[in-house]
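Just passing along the structure, written as structure tokens.
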Amino acid sequence: MNDIPSLPEGYEFSADSARVDLDRTYHWLSTDAYWAKGRPREQHERAVAASLNFGVYDTASGEQVAYARVVTDGALFAWLCDVYVDPSVRGKGVGTAFVGAVREELRPFGVRRVLLATHDAHGVYEKVGFKPLDRPDRWMALYFE
């Protein structure tokens, strides 16, 4: 699947971690993302530092409007996580195009699978090739709670 939806005019994709707005992404995730509410700032900074980071930016203002990070060994496995699109740009196709662009950034690594977890955005991810696990009974998790 190589048909990446384009970002709407006025937005640009970046894989440059130096462009990530740590204050903004921390605020989004720790206050509005169901999976990260209450996440400590220091933990967010460590996660960003140890991940591949991606963003979408308003070309006029330079303001970040979307964020995602990928945890990967760079060879076999990747986990797409912390995908967040600012509410002000939702519904414009930014999310789908963003995830498609992240997918294409991972393609040269040759990873065999990219996993993610979502409660409510299955349709966004399906548009760029994600599908439910074929054999979820083979997967397990260890939770430190």
Side-chain angles (χ1 to χ4, degrees), residues 1-133 139-145:
M1 175 175 244
N2 288 323
D3 53 323
I4 310 169
S6 298
L7 282 168
E9 188 173 330
Y11 298 98
E12 66 180 341
F13 171 82
S14 175
D16 181 358
S17 289
R19 286 189 74 182
V20 172
D21 183 333
L22 280 174
D23 292 332
R24 177 169 280 228
T25 56
Y26 172 70
H27 176 75
W28 283 338
L29 296 173
S30 68
T31 65
D32 192 43
Y34 66 84
W35 65 91
K37 278 189 180 177
R39 180 183 289 172
R41 172 70 184 236
E42 186 271 337
Q43 192 176 45
H44 175 68
E45 290 177 3
R46 280 189 295 129
V48 169
S51 302
L52 300 176
N53 297 279
F54 305 95
V56 173
Y57 301 85
D58 181 294
T59 54
S61 67
E63 184 175 86
Q64 187 166 1
V65 298
Y67 173 71
R69 67 187 184 87
V70 172
V71 180
T72 183
D73 60 11
L76 299 171
F77 177 81
W79 174 42
L80 174 60
C81 54
D82 287 344
V83 179
Y84 189 91
V85 177
D86 189 90
S88 69
V89 300
R90 291 181 190 164
K92 297 180 178 183
V94 169
T96 301
F98 181 37
V99 174
V102 171
R103 180 194 72 198
E104 292 308 303
E105 286 290 318
L106 296 175
R107 191 178 297 278
F109 288 92
V111 296
R112 293 191 56 199
R113 80 181 34 95
V114 179
L115 294 181
L116 65 88
T118 185
H119 173 71
D120 57 359
H122 296 78
V124 170
Y125 299 106
E126 287 169 348
K127 290 176 186 173
V128 295
F130 283 87
K131 61 183 182 177
L133 291 171
W139 294 87
M140 297 179 70
L142 173 64
Y143 298 97
F144 291 106
E145 295 183 43

Note to self: Pairing donors with acceptors under 3.5 angstrom, does anything connect the side chains of Trp28 and Asp82?
What the structure shows: no
Check: How about Tyr84 and Leu29: do any of their side-chain heavy atoms sit closer than 4.5 Å?
Finding: yes
Note to self: Side chains of Asp73 and Phe109, heavy atoms from C-beta outward: is any pair under 4.5 Å?
What the structure shows: no
Notebook entry, point to check: Should Val56 and Val89 count as side-chain neighbours, where that means a heavy-atom distance under 4.5 Å?
Noted result: no
Notebook entry, point to check: Minimum heavy-atom separation for Ser30 to Arg39, with atom names?
Noted result: CB-O, 3.7 Å
Item checked: NE2 on His44 to CG on Leu22, rounded to 0.5 Å -> 5.0 Å
Notebook entry, point to check: With a 4.5 Å limit on heavy-atom distance, are the side chains of Leu115 and Leu133 in contact?
Noted result: yes
Notebook entry, point to check: Which pair of heavy atoms, one from Tyr34 and one from His119, lies closest together, and at what distance?
Noted result: OH-N, 2.6 Å
Next item on the list: Taking all non-hydrogen atoms of both residues into account, name the closest pair between Gly95 and Val85 and its distance.
Entry: CA-CG2, 3.8 Å
Check: Quick one: are Thr118 and Phe130 in side-chain contact, heavy atoms under 4.5 Å?
Finding: no
Note to self: With heavy-atom distances below 4.5 Å as the criterion, would you say the side chains of Ser14 and Val20 are in contact?
What the structure shows: no
Notebook entry, point to check: Do Leu80 and Val99 have side-chain heavy atoms sitting under 4.5 Å apart?
Noted result: yes
Item checked: Steps toward side-chain contact (heavy atoms from CB on, under 4.5 Å) verdict (Leu76, Val111) -> CA-CA 4 Å; Leu76 299 171; Val111 296; 5.9 Å; no
Item checked: Residues Thr25, Gln64; criterion side-chain contact (heavy atoms from CB on, under 4.5 Å); working and verdict -> CA-CA 9 Å; Thr25 56; Gln64 187 166 1; 3.8 Å; yes
Margin query: Are Tyr67 and Val48 packed together at the side-chain level, in the sense that at least one heavy-atom pair is separated by less than 4.5 angstrom?
Written below: yes
Notebook entry, point to check: Taking all non-hydrogen atoms of both residues, which atom of Asp86 and which atom of Arg24 are closest, and how far apart?
Noted result: OD1-NH1, 4.4 Å
Margin query: Using the rule given for side-chain contact (heavy atoms from CB on, under 4.5 Å), can you reason through Glu63 versus Asp21, listing the C-alpha separation, both sets of side-chain angles and the distance that settles it, and then say yes or no?
Written below: CA-CA 8 Å; Glu63 184 175 86; Asp21 183 333; over 6 Å; no
Notebook entry, point to check: Of all heavy-atom pairs between Trp79 and Ala117, which one has the smallest distance, and what is that distance?
Noted result: NE1-N, 4.5 Å
Next item on the list: Applying side-chain contact (heavy atoms from CB on, under 4.5 Å), run through Val102 and Val83 and close with a yes or a no.
Entry: CA-CA 10 Å; Val102 171; Val83 179; over 6 Å; no
